[in-house]
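Positions are given from 1, in the same order as the sequence printed here. The basis for the numbers below is simple: all heavy atoms, side chains too, and nothing from hydrogens, waters or symmetry mates.
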Amino acid sequence: QVLLVESGGGSVQAGGSLRLTCAASVYTYECMAWFRQAPGKEREGVAAIDSGRIGGGTHYADSVKGRFTISRDDAKKTISLQMTSLENEDTAMYYCAADGGVCAGRWPRISQFYYWGQGTQVTVSS
């Protein structure tokens, strides 16, 4: 069973930066992604990345393009999300997700991801 464990969340002032990491216990799937869910809102896709062996392509939500960068280290079985210029609207629980196959056509549909982490909280304040 694949276990995904997120880390790196915390509280930061608007304009600041945080780096989230997701570690997979067994192996990394072809498509790994970050989702987030703010209180009272639906879970939404943030970014996704293909494994290096299928090209390492990335996908981003429009709201985070230019501010967030997703990366992965398949040897270490980790993915990361570097978040800069954080805004109050980025406050949410951030979840790591994984599944087989390329991300295109899969992300950002929540139903297309079988494996999920427990989440890490990111709080941005003014």
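- Pairs engaging residues 33-49 under the salt bridge (charged side-chain N to carboxylate O under 4.0 Å, His left out) rule: Arg36-Glu44, Arg36-Asp90 [sequence neighbours left out].
- What you find for Ala33 and Ala48 is that their closest heavy atoms are CB-CB, 3.7 Å.
- Nearest heavy-atom pair across Leu4 and Ala24 is CD2-CB, 3.8 Å.
- Smallest separation of non-hydrogen atoms from Ile79 and Cys96: CD1-SG, 3.9 Å.
- One hydrophobic cluster, built from ILVMFWY side chains closer than 4.5 Å, cannot hold both Val122 and Met93; they sit in different ones.
- In this structure, Asp50 contributes its side chain and Val102 its backbone to no donor-acceptor pair below 3.5 Å.
- Within the model, atoms CD1 of Ile70 and CG of Leu20 stand 10.0 Å from one another, a figure rounded to the nearest 0.5 Å.
- A single hydrophobic cluster is not seen to contain both Tyr60 and Tyr95; linkage of ILVMFWY side chains at heavy-atom distances under 4.5 Å, directly or through other members, places them apart.
- The side-chain heavy atoms of Val124 and Glu89, taken from C-beta on, include no pair separated by under 4.5 Å.
- Under the 4.5 Å side-chain heavy-atom criterion for grouping Ile, Leu, Val, Met, Phe, Trp and Tyr, Trp107 is not connected to Leu81 through any hydrophobic cluster.
- Residue pairs that meet the side chain to side chain donor-acceptor pair (under 3.5 Å) test with at least one member in residues 4-15, sequence neighbours left out, do not exist here.
- For residues 20-35, every residue pair satisfying the salt bridge (charged side-chain N to carboxylate O under 4.0 Å, His left out) rule, not counting sequence neighbours, is listed here: Glu30-Arg53.
- Heavy-atom minimum distance, Gly101 versus Cys31: O-CB, 3.3 Å.
- Taking OG of Ser51 as the start and CZ of Arg72 as the end, the distance is 5.0 Å to the nearest 0.5 Å.
- With values rounded to the nearest 0.5 angstrom, Phe68 atom CZ is found 7.5 Å from Ser63 atom OG.
- Under the salt bridge (charged side-chain N to carboxylate O under 4.0 Å, His left out) criterion, no residue pair touches residues 109-126, with sequence neighbours excluded.
- At distances below 3.5 Å, at least one donor-acceptor pair connects side-chain atoms of Asp99 with backbone N or O atoms of Tyr114.
- Listed here is the closest heavy atom pair of Asn88 and Ser125: OD1-C, 3.6 Å.
- Residues forming a ring pair (Phe, Tyr, Trp, His ring centres under 6.0 Å) with Tyr115 (at least two apart in sequence, or on another chain): Tyr29.
- Nearest heavy-atom pair across Ser85 and Arg67 is O-NH1, 2.9 Å.
- For the ring pair (Phe, Tyr, Trp, His ring centres under 6.0 Å) test, residues two or more places apart in sequence or in another chain that qualify with Phe113 are Phe35.
- With hydrogens and angles disregarded, no donor-acceptor distance shorter than 3.5 Å links the side chain of Ser80 to the backbone of Thr21.
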